[in-house]
Number of protein chains: 2
Amino acid sequence: MADPQDRVDKMIHELKEHGFRVTPQRLAVLKILAASHGHPSVEMIFERIKPDFPTTSLATIYKTVNLLKDLREVVELDFSGESNRYDGNKPYPHPHLNCTKCKSIVDADVDGLTELAQHLAKKTGYQILTHRLDFFGICPRCQETQ
Amino acid sequence: MADPQDRVDKMIHELKEHGFRVTPQRLAVLKILAASHGHPSVEMIFERIKPDFPTTSLATIYKTVNLLKDLREVVELDFSGESNRYDGNKPYPHPHLNCTKCKSIVDADVDGLTELAQHLAKKTGYQILTHRLDFFGICPRCQETQ
DNA sequence: TTCTCAAGAAAGAATGATTATCCCTTCACT
DNA sequence: AGTGAAGGGATAATCATTCTTTCTTGAGAA
Ligand SMILES: [Mn+2]
Ligand SMILES: [Mn+2]
Ligand SMILES: [Zn+2]
Ligand SMILES: [Zn+2]
């Protein structure tokens, strides 16, 4: 896990670099994404920001998250049927363990994926830009409580 | 690639086994899924069925695909923002190469995933039920035509 | 310091894939 | 033939996300 403060600084830098303003709303959003505790959804970010910025609109969170995604400072984990989740702490493809009961998402420790992608690119002729590996199951805590 | 006819037979068997009827509409859908040329979406299945069964409703395709998914005879590849895609030819988790330009999806040849999942389960305490590996990029054909 | 205007934020409408609901039809079994 | 559950067709509802509109802000220019 990267230092959240470093990630905040990097994100601020990227915003400025590309001529985007660092507004209080954006700062609040990117601080949460920099830590990405639990890989929050837009809705979760929204709830955590409400106390500090009660007037902030959901659309603003969506726009900020997508802006950071376009700047490649946030990884989007999209799910059809439920809300997308975001990781701004490790802004590059990496595998995840998803609990289908409590909907928790944690980083999984698997390596060699990038090399695998390169090998596959050479073999198939595809120009591979990114990848995604997800494991779905029941987390230890949810197994206890049945 | 499994023999599509074998897959058709297996799907019919599973439907009967669980007390579901094999109706003309279901048969038409599962025949397409058994081959799964291009990993069709519900909409694509719908279009291919129209000539033979002009009155079939989209909802019927959705219901049939989900029924086969519940019977574990079809793998669903869900994408937020665009339509889900289905593979009834290899009804178990396997990696895919996705072209972000032409939206084509082909099976990728990568093995060791199941073993990796087992290893991860042991290491993390998760009860892993399934997984998904996708590579995203530009297919050779789309690279040619820029 | 005031002015100006493009970027950003807020609010709500629109979108679109999927699911739910309703009602009619079909079929297996008596 | 009669009956009841399962299936199909049509349409409405759902809900995350995006779009549109309008209002606000703030970094330079003068
Ligand atoms: Mn992560
Ligand atoms: Mn496949
Ligand atoms: Zn859990
Ligand atoms: Zn392509």
Side-chain angles (χ1 to χ4, degrees), chain A residues 11-12 14-33 39-47 49-71 74-86 98 103 105, chain B residues 11-12 14-33 39-47 49-71 73-86 103 105:
Chain A
M11 289 182 190
I12 291 174
E14 285 301 314
L15 282 174
K16 286 181 175 168
E17 194 90 59
H18 290 81
F20 296 107
R21 294 187 200 153
V22 181
T23 64
Q25 291 90 337
R26 285 183 176 167
L27 191 58
V29 170
L30 71 77
K31 274 182 180 170
I32 290 172
L33 287 170
H39 298 80
S41 65
V42 164
E43 192 74 40
M44 292 168 184
I45 297 172
F46 182 60
E47 291 302 325
I49 280 183
K50 249 184 193 167
D52 299 322
F53 300 88
T55 70
T56 303
S57 163
L58 246 191
T60 298
I61 317 283
Y62 272 106
K63 281 187 276 193
T64 303
V65 165
N66 279 315
L67 176 57
L68 289 168
K69 184 180 69 170
D70 292 345
L71 292 174
V74 159
V75 165
E76 181 181 67
L77 303 172
D78 63 303
F79 300 92
S80 90
E82 44 199 308
S83 299
N84 294 350
R85 306 281 288 267
Y86 297 89
N98 304 57
K103 305 299 177 190
I105 301 178
Chain B
M11 288 184 191
I12 292 174
E14 285 300 314
L15 281 174
K16 287 182 176 168
E17 194 89 59
H18 290 81
F20 296 107
R21 296 186 198 154
V22 181
T23 63
Q25 291 89 338
R26 286 184 174 166
L27 191 58
V29 171
L30 71 77
K31 273 181 180 170
I32 291 171
L33 287 169
H39 299 80
S41 65
V42 164
E43 194 72 40
M44 292 168 184
I45 298 172
F46 182 60
E47 291 303 324
I49 281 183
K50 251 184 193 165
D52 300 322
F53 300 87
T55 70
T56 303
S57 164
L58 247 193
T60 297
I61 318 283
Y62 272 105
K63 281 187 273 196
T64 303
V65 165
N66 279 315
L67 175 58
L68 289 168
K69 184 180 69 170
D70 292 345
L71 292 174
E73 291 300 319
V74 159
V75 166
E76 181 181 68
L77 303 171
D78 62 304
F79 300 91
S80 90
E82 43 198 309
S83 299
N84 294 350
R85 308 282 287 268
Y86 297 89
K103 305 298 177 189
I105 302 179

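A quick note: this is a predicted structure, and the numbers were derived from the prediction, not measured. Proteins get letters first, then strands, A, B, ... in listed order; numbering begins at 1 in each.
- Scanning both residues, B/Phe46 and B/Ser57, for their nearest heavy atoms gives CE1-C, 4.0 Å.
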Exercise. Can you list the steps and then say if A/Arg85 with A/Asn98 is a side chain to side chain contact (heavy atoms under 4.5 Å, CB included)?
Worked result: CA-CA 11 Å; A/Arg85 306 281 288 267; A/Asn98 304 57; over 6 Å; no
Close N or O pairs between protein and nucleotides 28-30 of chain C (under 3.5 Å):
none

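- Across all strands, A/Ser41 comes closer than 4.0 Å to no nucleic acid atom at all (heavy-atom distances).
- One can place CG of B/Leu67 at 13 Å from C1' of D/dG8, the figure rounded to the nearest angstrom.
- Comparing B/Ser80 and B/Ser57 by the nucleotide of DNA chain D that holds the closest heavy atom to each, the one mapping nearer the 5' end is B/Ser57.
- Taking atom CZ of residue B/Phe53 and atom P of nucleotide D/dG9, one finds them 10 Å apart after rounding to whole Å.
- Between B/His18 atom NE2 and D/dA5 atom P the separation is 21 Å, expressed in whole Å.
- The shortest distance between the side-chain N/O atoms of B/Thr60 and the OP1/OP2 oxygens of D/dG9 is below 4.0 Å.
- At whole-Å resolution of the value, NZ in A/Lys16 and P in D/dG26 are 14 Å apart.
- Atom P of nucleotide C/dA6 and atom CZ of A/Phe20 are separated by 16 Å, given to the nearest angstrom.
- Rounded to an integer number of Å, the gap from B/Asn66 CG to D/dG8 C1' is 15 Å.
- B/Glu47 approaches B/Lys50 most closely through the heavy-atom pair OE2-NZ, 3.4 Å.
- With contacts defined as side-chain heavy-atom distances shorter than 4.5 Å, the pair A/Thr64/A/Leu30 does not qualify.
- For the pair B/His39 and B/Ile105, the tightest heavy-atom approach, listed with the atom from each and the gap, is ND1-O, 3.0 Å.
- Shortest non-hydrogen contact noted between A/Met11 and A/Val74 is CE-CG2, 4.4 Å.
- Nearest heavy-atom pair across A/Glu82 and A/Lys103 is OE1-CD, 3.3 Å.
- Of the possible polar contacts, none joining the A/Asn84 side chain to the A/Ser41 backbone as a donor-acceptor pair under 3.5 Å is found.
- At D/dT17, one or more side-chain N or O atoms of A/Asn84 fall inside 4.0 Å of OP1 or OP2 (strictly under the cut-off).
- As a whole-Å value, the separation of A/Ile61 CD1 from D/dT18 P is 14 Å.
- Atom pair B/Asp78:CG and C/dT18:C1' shows a separation of 12 Å (rounding to whole Å applied).
- Summary of the strand contacts: B/Glu43 and A/Pro54 both lie near DNA chain C, and taking for each the nucleotide with the nearest heavy atom, the more 5' one is attributed to A/Pro54.
- The shortest distance between the side-chain N/O atoms of B/Thr23 and the OP1/OP2 oxygens of C/dT26 is not below 4.0 Å.
- Listed pair B/Tyr62 / C/dT18 meets the phosphate criterion, a side-chain N or O lying under 4.0 Å from OP1 or OP2.
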Measure all distances between protein nitrogen or oxygen atoms and nitrogen or oxygen atoms of nucleotides 19-21 of chain D, and list the pairs falling under 3.5 Å.
none

Problem set entry | Steps toward side chain to side chain contact (heavy atoms under 4.5 Å, CB included) verdict (B/Leu58, B/Glu43) | CA-CA 7 Å; B/Leu58 247 193; B/Glu43 194 72 40; 3.8 Å; yes
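- Contact of the B/Leu68 side chain with the B/Tyr86 side chain is not registered, since no non-hydrogen atoms from C-beta on lie closer than 4.5 Å.
- Residue B/Thr56 is in sugar-phosphate contact alone, with no base atom involved, counting any heavy-atom pair closer than 4.0 Å across all strands shown.
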